[in-house]
**Q** 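Sharing a structure here in structure tokens format.
Just so you know, ligand 1 is whichever comes first in the structure, and atom 1 is the first atom listed for that ligand.
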Amino acid sequence: MTHSLARFLRNARKNALALSRQLRRNSSVARILGIETSCDDTGVAIIDTKGTVLAEALYSQSEFHAQLGGVQPPIARELHARNLSFATNDVFRESGLKLEDLDAIAVTTRPGFIMTLKEGLDHGRRLATAADLPVIPIHHMEAHALMPRLEDPSLEFPFLVLLVSGGHCLLALVKAVDEFRLLGTSKDIAPGEFLDKVARRLKVRNLESCQNLSGGPAIEKLAKDGNPALLPGTRLPNTMIGYRDCDFSFSGLRTHFESLIAAETERWSVMGGDVIPTVADVAAAVQVALAKHLAMRVERAFRYCDLKELLPTSSPRHLVLSGGVASNAFLRVALSRVCQANEAVLVCPSPRLCTDNGLMIAWNGVERWKIGHRGVIGEKAIGAIPVVAREPWGCSDREEVARAGLKVKLAEIDRYFVQLQDENLINEAPG
Ligand code: KG4
Ligand code: ZN
């Protein structure tokens, strides 16, 4: 085949694709394929601009990495490379669509592991260039924050969002699809990392009931039968109460509980792989301490928003709780009490949508598409999209929150937890 014939055929195909897309666009429904590979989950999904989920596939590597003691980026990249082709085939099979039926590819490009993000973007670039589609770069945290609007289209801007996961802890005001104000973030580790580290110290995997659970779910399961008041010298640490901001810190809590576990191990003369008999009580204490710290910051965020008139003064006011740790039922109840007191409603995506998935990326692509962000087109331009390990999200109001110096009394937060005790969500001290 001569070069000019090949060029002619390429152009003819390009024009035919453009025409078929134009015809569909006139029907005002666009279909977007989303790709998530920022950490250890390979997610691919297709959603249209009406919010119809056309297909989704998720391949998790977490069990694999759990055995290695944490996510190993080179291994994660290899697994993503394999899983991406499985997941992409799955969504085309499930939806009955072809690449040519799509309008754009949305890809997580930040923050995350450079190696794994690159794998996802390369995959997206290959798909996009094969069908002359644009790539919409997606910020992973923005995708978490907007996810609940897929399930609940009545969730309107502005709303507060608390993202709590294995790698992040962010409290922000979401003003629009592409406008965020960061009110607080963790100064050290993320809440999921705190739970996972404490769970490892508790050796929960040596318990038959928790063998296959990661740290957070194991703590939640054990805590149901635990009572913090049964632990010796139990005064739970009150983290950062002296700081009148919305930032978080979990490393102090981690040290506190690691010392407590060491003391309990000695008190009960526990040896080797055995688990302390008070494991459930410690788990319950961990959960309460975490929930109290988050509740304190959320309470202050509501007051800050009221002071600056950033949220509607009457209903509906919303707090979205998302990220892996948001699957925790106790945390959901505790934060729903904080919301009630602030005349707001707690919105939690269903647990499977709290964790990383392709749907949230496809949905973020849809949200951006609808406000006219149509992405980047052409192999060269797509190849120039940067992947970024750490990128701040939105503009920061953290210092302004601290300057406002809003006092939240510990007693006010404790009140919510006394209610939970009354409802038997925290076990009471006997007699
Ligand atoms: O968002 P996510 O799936 O991904 C990462 O950030 O990696 O969050 C994972 C984290 C883990 O630390 C896990 O222990 C925690 O979320 N997690 C939970 C629960 N389910 C998962 N923490 C508390 N309670 C749960 N039910
Ligand atoms: Zn995430």
**Q** Evaluate whether atom CD of Glu343 has more than 12 neighbouring non-hydrogen atoms of other residues, nucleotides or ligands under 6.0 angstrom away.
**A**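 Check fails, neighbour count at 12 or below.
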**Q** So among Gln340, Arg337, Glu299, which one has a side-chain hydrogen bond (donor to acceptor under 3.5 Å, both in side chains) with Tyr416?
**A**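 For Tyr416, the side-chain hydrogen bond (donor to acceptor under 3.5 Å, both in side chains) check succeeds only for Glu299.
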**Q** Under 6.0 Å from the ring centre and within 45 degrees of the ring axis: does the NZ or CZ of Lys292 meet both conditions for the six-membered ring of Phe417?
**A**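 Because its charged atom sits under 6.0 Å from the ring centre and within 45° of the axis, Lys292 does stack over Phe417.
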**Q** Give a yes or no on whether His140 keeps an N, O or S atom under 2.8 Å from the Zn ion (ligand 2).
**A**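 Short answer: yes, at least one N, O or S atom is under the cut-off.
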**Q** Verify side-chain hydrogen bond (donor to acceptor under 3.5 Å, both in side chains) between Glu56 and Asn357, making sure each step is shown before the conclusion.
**A** CA-CA 9 Å; Glu56 67 166 306; Asn357 60 78; over 6 Å; no
**Q** Polar contacts were defined as any N/O atom of the residue lying under 3.5 Å from an N/O atom of the ligand; does this apply to Cys354 and ligand 1?
**A**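 No, since none of the N or O atoms of Cys354 sits under 3.5 Å from an N or O of ligand 1.
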**Q** So that I can check it, does any N, O or S atom in Cys39 come closer than 2.8 Å to the Zn ion (ligand 2)?
**A**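 No, Cys39 does not qualify, because none of its backbone or side-chain N, O or S atoms lies under 2.8 Å.
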**Q** Given that the side chain starts at C-beta and the backbone is N, CA, C, O, which of these parts of Leu331 lies under 4.0 Å from ligand 1, counting heavy atoms, or is it both or neither?
**A**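 Answer for Leu331: neither.
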**Q** Is it the case that ligand 1 has an N or O less than 3.5 angstrom from some N or O of Ser165?
**A**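 N/O-N/O distance below 3.5 Å exists for this pair.
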**Q** Please confirm whether Arg374 makes a cation-pi placement over Trp369, using NZ or CZ under 6.0 Å from the six-membered ring centre and within 45° of the ring normal.
**A**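 Geometry flag: set, cation within 6.0 Å and 45°.
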**Q** With only distance considered, is Asp196 within less than 3.5 Å of ligand 1 through an N or O on each side?
**A**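 Checking ligand 1 against Asp196, an N or O pair does fall under 3.5 Å apart.
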**Q** Name of the Asp356 N, O or S atom nearest the Zn ion (ligand 2)?
**A**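 When I compare the N, O and S atoms of Asp356, OD1 is nearest to the Zn ion (ligand 2).
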**Q** For Glu193 and ligand 1, does the shortest N/O to N/O distance drop below 3.5 Å?
**A**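 Such a contact does not occur with ligand 1.
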